[in-house]
> 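Before we start, here is the structure in question, set down as structure tokens.
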Amino acid sequence: MFLLGPALLEVSARKILTRLHKTHGVPALAAAAELPALSAALDQHAAAVRDILELGVESAARVPMSVLLAGYARGLLDQVREAAGHGMTGAAPSDLGSWANADWVQLRLASVCLHPSQQFA
């Protein structure tokens, strides 16, 4: 018997990740091509995300990576909403100069898109 729940989770996760890729991933990669320090920071954040999900989530091997990544990103965005007014923003920087000064949350959200399992057209 086919279970609809897991399939819906994956579809929802893909939607979240596609949106995140458009808002954070593509602009961050474009800026990183011009800013080597940003490229290095994104690589470090991507490695941290990979380690958190692969080593810090019990039974991670049984959960689709897209679901783990989307859950991680949603958790970050939830924390940003809860901390509104404390200097954190989930919005992507709008230009090259803003990416050069991106905060931790902006870099972490962009780095979710860099996971090897994510291949966007």
Side-chain angles (χ1 to χ4, degrees):
M1 180 174 191
F2 178 72
L3 295 176
L4 193 56
L8 287 176
L9 275 176
E10 286 194 66
V11 168
S12 177
R14 298 302 303 159
K15 286 182 180 180
I16 291 166
L17 294 172
T18 298
R19 188 175 329 118
L20 187 64
H21 183 69
K22 289 177 184 173
T23 61
H24 288 72
V26 170
L29 289 174
E34 301 290 324
L35 302 167
L38 175 61
S39 180
L42 288 170
D43 285 346
Q44 290 175 345
H45 278 273
V49 169
R50 181 198 64 232
D51 291 347
I52 288 167
L53 296 180
E54 291 177 1
L55 304 174
V57 177
E58 191 173 324
S59 301
R62 292 188 281 159
V63 179
M65 187 53 68
S66 61
V67 172
L68 292 173
L69 287 166
Y72 182 79
R74 291 285 308 263
L76 286 175
L77 292 169
D78 287 346
Q79 285 185 330
V80 168
R81 278 189 282 281
E82 289 175 13
H86 292 91
M88 287 198 312
T89 180
S94 58
D95 57 31
L96 188 64
S98 298
W99 274 108
N101 298 308
D103 65 27
W104 186 93
V105 174
Q106 293 166 325
L107 293 171
R108 192 55 67 108
L109 288 170
S111 73
V112 167
C113 301
L114 301 179
H115 194 278
S117 70
Q118 301 308 299
Q119 296 183 10
F120 296 93

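Just so you know, these numbers come straight off a predicted model, no measurement behind them. Hydrogens, waters and symmetry mates play no part in the numbers below; they use all other heavy atoms, side chains included.
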> Heavy atoms only: give me the nearest Thr23-Ala92 pair and the separation to one decimal.
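Closest approach of Thr23 to Ala92, heavy atoms only: O-CB, 3.0 Å.
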
> Taking all non-hydrogen atoms of both residues, which atom of Ala41 and which atom of Leu107 are closest, and how far apart?
CB-CD1, 4.2 Å

> With no hydrogens and no angle check, is any side-chain donor or acceptor of Thr18 less than 3.5 Å from a backbone partner on Arg14?
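Looks like yes, one N/O pair under 3.5 Å.
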
> Identify, with sequence neighbours excluded, every residue that meets salt bridge (Lys or Arg N to Asp or Glu O under 4.0 Å) alongside Arg62.
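Arg62 satisfies salt bridge (Lys or Arg N to Asp or Glu O under 4.0 Å) with no other residue.
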
> Pick from Leu68, Leu53, Leu17: which one makes a side chain to side chain contact (heavy atoms under 4.5 Å, CB included) with Val112?
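That would be Leu17; it is the only one of Leu68, Leu53, Leu17 passing the side chain to side chain contact (heavy atoms under 4.5 Å, CB included) with Val112.
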
> Is there a path of hydrophobic side-chain contacts, each under 4.5 Å between heavy atoms of I, L, V, M, F, W or Y residues, that connects Val11 with Val67?
no

> If two hydrophobic side chains count as joined below 4.5 Å and joins carry through other members, does Leu69 share a cluster with Ile16?
no

> So which heavy atom on Arg108 is nearest to which on Tyr72, and how close?
NH1-OH, 2.9 Å

> If you take all heavy atoms of Ala28 and Ala110, which pair is closest and at what distance?
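Minimum heavy-atom separation between Ala28 and Ala110: CB-CB, 3.6 Å.
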
> Applying side chain to side chain contact (heavy atoms under 4.5 Å, CB included) to Leu9 and Val63, what does each step give before you reach the verdict?
CA-CA 10 Å; Leu9 275 176; Val63 179; over 6 Å; no

> Provide the closest heavy-atom pair for Ser111 versus Ala46 in the form atom of the first, atom of the second, distance.
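Closest pair (atom of Ser111, atom of Ala46, distance): CB-N, 3.5 Å.
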
> Between Gln106 and Ala91 (side chain of the first, backbone of the second, donor and acceptor by atom type, cut-off under 3.5 Å), is there such a pair?
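Yes, because the side chain of Gln106 sits within donor-acceptor range (under 3.5 Å) of the backbone of Ala91.
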
> Give, for atom CG of Leu20 and atom CZ of Arg74, the distance between the pair rounded to the nearest 0.5 Å.
11.5 Å

> For Leu77 and Leu109, what are the C-alpha separation, side-chain angles and deciding distance, and is it a side chain to side chain contact (heavy atoms under 4.5 Å, CB included)?
CA-CA 9 Å; Leu77 292 169; Leu109 288 170; 3.7 Å; yes

> Could you tell me which non-hydrogen atom of Asn101 sits nearest to which non-hydrogen atom of Gly97, and how far apart they are?
ND2-O, 3.3 Å

> One pair to check against side chain to side chain contact (heavy atoms under 4.5 Å, CB included): Lys22 and Val26. What are the steps and the verdict?
CA-CA 6 Å; Lys22 289 177 184 173; Val26 170; 5.8 Å; no

> Carefully, step by step, assess Asp95 and Ser98 under the rule side chain to side chain contact (heavy atoms under 4.5 Å, CB included).
CA-CA 5 Å; Asp95 57 31; Ser98 298; 2.8 Å; yes

> Calculate, to the nearest 0.5 Å, the distance between atoms SG and NE2 belonging to Cys113 and His21 respectively.
6.5 Å

> From Arg81 CZ over to Leu76 CG, what is the distance, rounded to the nearest 0.5 angstrom?
10.5 Å

> Could you list the residues that satisfy salt bridge (Lys or Arg N to Asp or Glu O under 4.0 Å) with Asp43, not counting sequence neighbours?
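Counting only residues at least two positions away or on another chain, Asp43 forms no salt bridge (Lys or Arg N to Asp or Glu O under 4.0 Å).
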
